[in-house]
There are 2 protein chains.
Amino acid sequence: MNLKDLAASLGLSQTTVSRALNGYPEVSEATRKRVAEAARQHGYRPDSRARSLATGRAMAVGLVLPMTAKQEIVNPVFSDFVAGAAETLATRGYDIVLSLASEEEQTNVYRSMLSKGRVDGMIMQAPLTGDRRIQLLKDLGMPFVVHGRVSDHDDEYCWMDMDNRHAFHEATDHLLEFGHERIALLNGMEAMDFAHRRRDGFLDALSERGLSADPEIMDSAVMTEQYGYGAACRMLALPAPPTAFLTSSLLVAMGVQRAVQARGLRMGLDISVVTHDDGLSYLPNGSEDAPIFTATRSPVRVHGNICAETLMKLIDAPQTPPHHTKLKASLTIGPSSGPAPTV
Amino acid sequence: MNLKDLAASLGLSQTTVSRALNGYPEVSEATRKRVAEAARQHGYRPDSRARSLATGRAMAVGLVLPMTAKQEIVNPVFSDFVAGAAETLATRGYDIVLSLASEEEQTNVYRSMLSKGRVDGMIMQAPLTGDRRIQLLKDLGMPFVVHGRVSDHDDEYCWMDMDNRHAFHEATDHLLEFGHERIALLNGMEAMDFAHRRRDGFLDALSERGLSADPEIMDSAVMTEQYGYGAACRMLALPAPPTAFLTSSLLVAMGVQRAVQARGLRMGLDISVVTHDDGLSYLPNGSEDAPIFTATRSPVRVHGNICAETLMKLIDAPQTPPHHTKLKASLTIGPSSGPAPTV
DNA sequence: AATCACCTCCAAAGCGCTTTGGACAGGTTT
DNA sequence: AAACCTGTCCAAAGCGCTTTGGAGGTGATT
């Protein structure tokens with residue numbers, strides 16, 4: 001059942017039916033009712049392609065599934081992020097169009113997404129340091145917002161980011177105040193822009209107290225439980241092992257926890273662990289009132305909400321100056337951190 | 001730059017340009033070259049909406065992000081699954097259109113996805129027991145394939161599923177052969193159809209050896225690390241604790257591991273743990289040649305591949321009888337399982 | 001020289017919607 | 001009574017593509 005048929009069955013013109021359905025004023029309340037009822041009865045839904053072609057709006061935003069480097073690892077944060085974005089977009093009738101692109105195809109995928117008219121804007125995820133996609137998107141002239149940002153020129157485009165630097169500064173301070181002086185950093189892949197910021201926050205906090213970092217207890221890799229376990233085992237076996245760990249993800253922290261327990265040490269007493277927590281729904285940090293790890297928390301689902309909201313505003317008013325959102329992570333104290341052991 | 005402009009700039013008709021670009025034979029090789037070059041130079045890309053409207057094919061498939069029950073938990077399996085699907089779909093130029101739907105809105109979301117002409121088919125995930133979405137999709141007459149299946153009428157629609165029953169049967173056998181007689185089952189939410197099958201496989205294996213299950217050491221919940229830890233702690237404190245655990249997900253197994261270690265027990269010696277492993281890229285079960293857990297493994301990314309492949313075939317030939325794929329999980333032996341301790 | 005087939009190209013009709021620019025009737029104002 | 005709104009509706013023109021049904025030109029066949 002298309003508009004033409006519906007109009008015919010009502011003895012009205014397409015124009016009138018279209019206007020009635022879309023809430024235009026130049027149609028009497030009586031016919032509007034009649035049209036609405038008929039539409040409901042016939043299960044009429046406008047064809048989105050035709051509508052989109054006529055209005056110029058796709059009512060969809062694009063999202064390119066980021067694959068971490070060559071390792072084909074899907075960003076674990078993706079599902080919650082996309083859920084948040086989809087949730088917000090749904091309130092305004094937008095869909096998400098998803099593409100997956102290997103590193104090499106990125107450019108092409110972005111190009112085609114745009115020019116095919118399938119989407120009105122894009123959300124870009126997981127920016128790398130010096131990411132060239134941003135320039136590409138700017139060149140293409142398509143509205144976009146970045147989840148995260150890249151260090152340079154970050155006032156020239158929309159982004160929403162967590163204050164990674166501040167979060168890790170705060171987390172480090174928390175440990176320093178407990179008297180820890182040898183703090184290990186298990187960071188994400190340093191190709192990711194956020195990993196840089198986190199490290200900077202960590203280093204700043206140390207140097208503010210006159211401490212210097214020891215490269216031997218700093219590592220960075222794809223954030224898995226394995227990595228946390230392996231790195232922690234190695235570091236705990238050092239002549240001068242760390243008394244605390246700062247990790248970039250709950251999974252890594254869980255790995256550290258396993259290593260700590262395997263050595264017969266006690267978390268929060270012998271070894272402190274603080275982590276960043278993306279608030280993934282399937283990976284809760286204990287319960288609301290009883291967290292397991294002391295953590296800087298910033299639910300990535302909310303990031304999805306904000307990115308979507310920002311993008312929709314940008315689509316509505318493309319000429320407004322770029323909008324930025326910087327979220328502060330909240331530090332929640334759990335039993336995994338405590339005073340440095342007195343030797 | 002649209003087709004009209006491109007044609008004008010070449011002094012050709014739209015028809016010829018369109019044919020040249022789409023590889024139709026009725027255009028000379030010389031002009032085809034000329035057209036291709038001009039298209040490349042102008043960065044011309046056909047508008048997908050217009051093309052879709054003209055051809056009747058959307059070149060996209062729909063996916064509804066499932067939210068587990070009321071708990072707003074995003075399926076952790078989603079990201080790898082969608083990566084697999086997107087990967088396969090990309091080879092044929094299909095995109096994925098994503099919607100998110102709460103339990104109540106499901107029907108509406110599916111309805112609109114279809115009739116809006118935005119997609120040519122759908123992939124349905126995470127079916128519940130007696131899931132009504134299947135009937136809905138059948139009624140709507142849209143090609144679809146289910147990741148998993150529902151017990152009744154499963155010959156009437158396309159699905160791809162792992163043989164959950166067989167996997168858990170095999171895993172249970174593995175433990176039984178090691179002499180374990182008190183095996184705990186930590187299952188996923190039993191509203192999920194696969195959880196049912198897994199339990200059946202477990203129970204079958206037990207009864208085949210004349211053993212009966214003890215409800216006290218069977219549990220089911222959303223599959224988190226917390227859940228594994230909590231349930232294992234509780235069960236290990238029973239007067240007659242289990243000597244082995246069979247869990248539905250690596251996260252749950254990790255929780256069990258933590259509980260085991262917390263009690264000072266040794267995995268694979270005092271307590272055996274076998275789990276199912278969805279092969280999530282960000283949650284590896286150790287390395288390829290050195291797994292941590294004994295596990296029945298079936299990478300969900302491959303499931304995504306297969307679902308996509310099946311769906312594309314179905315779209316090409318809607319009248320073929322429903323196609324089914326049943327995957328056998330592979331049992332990989334790790335250090336987490338061993339002979340039952342002799343009391 | 002006429003016929004035929006073939007190759008290369010084109011005009012125009014859709015696909016299903018929105019939107020512009022009236023048309024027509026009825027009531028208000030001058 | 002003429003002029004003017006105002007409210008309600010419609011015909012038709014796009015949006016950018018594909019595809020049907022020829023048209024015109026060339027060379028081979030009779």
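So you know, we letter chains A, B, ... as the sequences are listed, proteins then strands, and number each from 1. On a predicted model such as this, the values are computed, not experimentally measured, just so you know.
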>> Could you tell me how far apart B:Lys33 (NZ) and C:dT8 (P) are, to the nearest whole angstrom?
In response: 14 Å
> Got a sec, which residues hit salt bridge (Lys or Arg N to Asp or Glu O under 4.0 Å) with A:Arg149, two or more places apart in sequence or on another chain?
Replying inline: A:Asp154, A:Asp161
>> Check the orientation of B:Trp159 and B:His324. Use parallel for under 30°, tilted for 30 to 60°, and perpendicular for over 60°.
In response: parallel
> Bend across the helix from C:dA2-D:dT29 to C:dT30-D:dA1, to 10°, with axes taken over 5 pairs at each end?
Replying inline: 70°
> B:Leu53 CG to D:dC15 P: how many Å, rounded?
Replying inline: 14 Å
> Nearest-Å distance, CZ (A:Arg49) to P (D:dT18)?
Replying inline: 14 Å
>> As a test of reading the structure: which of C:dT19, D:dT18, C:dC17 is closest to the side chain of B:Leu3, going by heavy atoms?
In response: D:dT18
> Under 4.0 angstrom, heavy atoms only, what part of the nucleic acid is B:Thr55 near: base, sugar-phosphate, or nothing?
Replying inline: sugar-phosphate
>> Using OP1 and OP2 only, check whether a side-chain N or O of A:Asn22 sits under 4.0 Å from C:dT18.
In response: yes
Determine all donor-acceptor pairs shorter than 3.5 Å in which one atom belongs to a side chain in residues 119-126 of chain B; sequence neighbours excluded.
from: B:Asp120; atom 1: OD1; to: B:Ala58; atom 2: N; distance (Å): 2.8
from: B:Asp120; atom 1: OD2; to: B:Ala58; atom 2: N; distance (Å): 3.1
from: B:Asp120; atom 1: OD2; to: B:Met59; atom 2: N; distance (Å): 2.7

> Starting at CG of A:Leu21 and ending at P of C:dT18, how long is that distance when rounded to a whole Å?
Replying inline: 8 Å
>> So, applying side-chain contact (heavy atoms from CB on, under 4.5 Å) with B:Ser9, which one of B:Asp5, B:Leu12, B:Leu6 is it?
In response: B:Leu6
> Can you name the residues that form a salt bridge (Lys or Arg N to Asp or Glu O under 4.0 Å) with B:Arg34, not counting sequence neighbours?
Replying inline: none
>> Over 60° means perpendicular and under 30° means parallel, so tell me whether B:His303 and B:His147 are parallel, tilted or perpendicular.
In response: perpendicular
> What integer distance in Å separates B:Asn2:CG from D:dT18:P?
Replying inline: 12 Å
> Can you check side-chain hydrogen bond (donor to acceptor under 3.5 Å, both in side chains) on B:Tyr94 and B:Arg57, steps first, answer last?
Replying inline: CA-CA 10 Å; B:Tyr94 278 83; B:Arg57 309 199 55 174; 2.7 Å; yes
>> Expressed as a whole number of angstroms, how long is the span from A:Arg118:CZ to D:dC15:C1'?
In response: 17 Å
>> Can you measure A:Asp47 atom CG to D:dC17 atom P for me and round it to whole angstrom units?
In response: 17 Å
>> Please encode protein proximity along nucleotides 7-14 of chain D as a string of B, S and -, counting only heavy-atom distances under 4.0 Å.
In response: -BBBBB-B
>> Determine whether B:Arg132 and B:Asp139 satisfy the following criterion, salt bridge (charged side-chain N to carboxylate O under 4.0 Å, His left out), listing intermediate values before the conclusion.
In response: CA-CA 11 Å; B:Arg132 298 152 87 205; B:Asp139 292 347; over 6 Å; no
> Excluding sequence neighbours, so at least two apart, what forms salt bridge (Lys or Arg N to Asp or Glu O under 4.0 Å) with B:Glu87?
Replying inline: B:Arg301
> Is there a side-chain polar atom (N or O) of B:Tyr24 under 4.0 Å from OP1 or OP2 of C:dC7?
Replying inline: no
